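Working notes, structure below.
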Amino acid sequence: MSESTSSTVSSDFIRDIVNADIASGKYKIGEIRTRFPPEPNGYLHIGHAKALWIDFGVARDYQGKTLLRMDDTNPVKEDVEYVESIKEDIRWLGFEWDGEVRYASDYFEWMYELAELMIEKGLAYVDDQTAEEIRITRGTLTEPGTESPWRNRSVAENMDLFRRMRAGEFRDGEKVLRAKIDMTHPNMNFRDPVMYRILHAHHHRTGDKWCIYPMYDWAHGLEDSYEGITHSLCTLEFEIHRPLYEWFLEQLPVHRPQQIEFSRLNLTYTVMSKRKLLRLVQEKHVNGWDDPRMPTICGLRRRGYTASSILNFLSGCGVTKFNGITDITLLENSLRDALNKTANRYMGVLDPLKVVLTNYPEGRIEMLEAVNNPEDDSAGTRQLPFGRELYIDRDDFREVPPPKYHRLAPGSEVRLRWGYFIKCEEVIKDASGEIVELRCTYDPATRGGMAPDGRKVKGTIQWVEASNAIDAEVRQYDRLFLKENPDDVEEGKDFLSNLNPSSLTILTGCKVEPALAGLEPEDRFQLERIGYFCADRYDYRSDKPVFNLTVNLKDTWSKIEKAHAPASAKKEPPKAVAEAKPEGVEFIGIEDFGKLQLKVAKVVSAERVEGADKLLKLQVDCGEIRQIVAGVATVYSPDDMVGKLIIMVTNLQPATIRGVESNGMLLAAKRKGELRLLTVDGEIAPGASVG
RNA sequence: UGCCUCAUGGUGUAAUGGUAGCACAACUGAUUCUGGUUCAGUUUGUCUGGGUUCGAGUCCUAGUGAGGCAGCCA
């Protein structure tokens, strides 16, 4: 939106054309007029938002106007329901069209008169062929078509027949009006295109006034012309229609707009065609057009997107004729960007784990101050209740913390955001072994989150005081499709086979801070350390809050954790190569085998890993002393191992197996269920490379 | 074996015959009471072959690859 302030309009190929038209005197600043011409047969999606942004953006840059026109030339597909949603979505995005909404159907009479003119000029004729016959005689991409036997009717006969078509004397499909151009034209659109077909259908605006309806090629240029459009901007698939668009206008005494095509928006992990979106809705793979997983404007809105983040994203995409696929992370990033600056922070836990502070007085509740938005001082602060019983997120505690884990673990200390430092003293489990409660102590000296002795804690986690916590439903959304390109499917399957089965997870029993019961629908906020959410536009109520996950916060930890996971877990898709694999042993694809660094190593010491009957923890000398974990304990005892020269892989990411760090992997072979270690005989120095 | 269009890092997009730049992603590091934010830095590119030119991502030409077109849909 800010580029409008620049005086010279720069930059994309469309504006270049407009600039040239102004430079040549064809149009003056202020005369530029564009239009957004949706067919009211579906909801607007983010692809339309791009068209909107271009249509309105170009006109605005030249102090021109943009009209909104419903392209309602096909009564059997269109409906008023869509007209209203289209208007609402456009307004929500922040665009204001000039004057009243226009309807192509308002120009039907004018178009009809021009059609008679075409007949008079010998440029159109009534064809009695069936749809099937017309299809066959049109030829193919490589073969010319053949002329209709009705092609050379007299002007008088054509006029008579056309008037009778209008009068309703014929049944649907019995006759059409076609332009008389060239049945051998290399551009199929010129092979006598149909201008009018007979449709005895009720039109949502004109009712039963008409039973003949104009076809796109004939109608669209006329609509643009009627409205005085200077630049008719549309997407690439209409490129091949442009010559015909121009041809029709050239035959008539009317204003001639210029059609310019740009590439439509494609996004990874989503579909954009109306047909496919309609299927998703009709077959109930989503809950309606405004399902937060849909790329529709109303879907994005319900998800929590801001109009500005969509517009910003679009401006980052630019305007070109290149038909690519834009990474949806660009959109998500634009969203995070907008929300980071504006969304107030709150605390909530999605998967509550109870924490009891054993040294905190029973029954006492105190209020702590919390900053609402560190990016915006004017957002102020709020008071948070704190007490002896709290909830933290289950994911913020690990009984056996992996390396680099900064959160709570037995004996370790973390900071409760805006609260105190707490230390885990005891883990309480139920009969099945699941952790049900943590007993912790808090340090009264760290009130507000700082230690007077200056000691540091690595992690800060969010929490909610139990007695004041509000129960909430959180709808966690993920991508609707598993593949970047949902249409990438096996023979015989369609895009629905790529649907992500876990694109929606409904979490109930989430605990959030009291302030979140006082929101308005569509209010957006951040749940600290989790993501941005919004109060559902329709289902949120103070006594039953429902929140939609808008987008997660960036998550560096999950990257670290993933990097440390065994290689087999990283492979995607998880190929089913693993037969009963010993825990922690890694699998390497053949394509990666050449990258492995193999070295001879001498086992210095070995011991069993507690709680894992297959694992040995080894200290080996491979030029340096390293610790590795090997799943060989069922075959070899620690004593067997010490002193052995083995072959190991040295250039692997450190992995943590049963809580023990492993910096490498030894080679062993398995045959008929018997495991054998690969050892080296003779005098080879530890650290020597193998192969 | 037709016609139309497109081709710049992983993705999207600038450079209008004159130093290939930006954003996002990725990776390093710093800061941080959000493993968020912010900041600093690094890596990665003109589809191929000819030609014009002092000089080509840009112009010409041939090829390759991708998308679109055979609705009485828009």
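No experiment lies behind these values; they were computed from the predicted model shown. Computation of the quantities below employed the complete heavy-atom set of this structure, encompassing side-chain atoms and omitting hydrogens, waters and symmetry-equivalent molecules.
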Phosphate-side-chain proximity, [X] and [N], N/O vs OP1/OP2 below 4.0 Å:
X	N	value
A:Arg138	B:C72	yes
A:Asn333	B:A25	yes
A:Arg242	B:C4	no
A:Thr140	B:G2	no
A:Thr268	B:U11	no
A:Arg191	B:C69	no
A:Arg197	B:C73	yes
A:Lys554	B:U37	yes
A:Lys559	B:C27	yes
A:Thr329	B:A25	no

Pairwise side-chain contact, [X] with [Y], heavy-atom cut-off 4.5 Å (strictly under):
X	Y	result
A:Tyr125	A:Ile119	no
A:Asp396	A:Asp393	yes
A:Arg455	A:Thr446	yes

Anti/syn call for B:G71, syn if |chi| within 90°: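 Syn, since the glycosidic angle lies within 90° of 0.
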
For [X], answer base if it contacts any base atom (sugar-phosphate contacts may also be present), sugar-phosphate if it contacts only those atoms, and nothing otherwise; contact means non-hydrogen atoms under 4.0 Å.
X	result
A:Arg336	nothing
A:Thr326	sugar-phosphate
A:Leu236	nothing
A:His185	nothing
A:Met450	base
A:Thr556	sugar-phosphate
A:Ser558	nothing

Using the side-chain heavy atoms of [X], tell me which of these nucleotides is nearest: [options].
X	options	answer
A:Trp557	B:C69, B:C3, B:G35	B:G35
A:Phe322	B:G35, B:A74, B:U13	B:U13
A:Tyr216	B:G36, B:A74, B:G67	B:A74

Separation of the [atom1] atoms in [N] and [M], to the nearest angstrom:
N	M	atom1	answer
B:G65	B:G49	P	16 Å
B:A26	B:U34	C1'	23 Å
B:A56	B:G18	P	11 Å
B:A7	B:A40	C1'	35 Å
B:C59	B:U38	C1'	46 Å
B:C27	B:G10	P	16 Å
B:U8	B:G45	C1'	6 Å

Applying a 3.5 Å limit to both distances, which nucleotide forms a Watson-Crick or G-U wobble pair with [N]?
N	result
B:A26	B:U42
B:G17	none
B:U31	none
B:C69	B:G2
B:A74	none
B:U48	B:A62

Looking at A:Lys180 and A:Asp192, is there a salt bridge between them, counting it only when a charged N and a carboxylate O are closer than 4.0 Å? no

Under a 4.0 Å N-O cut-off, is there an ion pair linking A:Arg164 with A:Glu169? yes

What are the two closest heavy atoms between A:His202 and A:Pro75, and how far apart are they?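 In this case the closest contact between A:His202 and A:Pro75 is O-CB, 3.7 Å.
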
So, for A:Val176 and A:Ile134, which heavy atoms are closest and what is the spacing to 0.1 Å? CG2-CD1, 3.8 Å

Donor-acceptor pair under 3.5 Å: do we get one between A:Gln526's side chain and the base of B:U34?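 Between B:U34 and A:Gln526, which were checked side chain against base, a qualifying N/O pair under 3.5 Å is present.
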
Base of B:U34 paired with side chain of A:Arg345 (donor-acceptor, under 3.5 Å): yes

Give the rounded distance in Å between these two atoms: CG of A:Leu233 and P of B:A74. 20 Å

Tell me whether A:Lys276 at atom NZ has more than 12 heavy atoms from other residues, nucleotides or ligands lying less than 6.0 Å away. yes

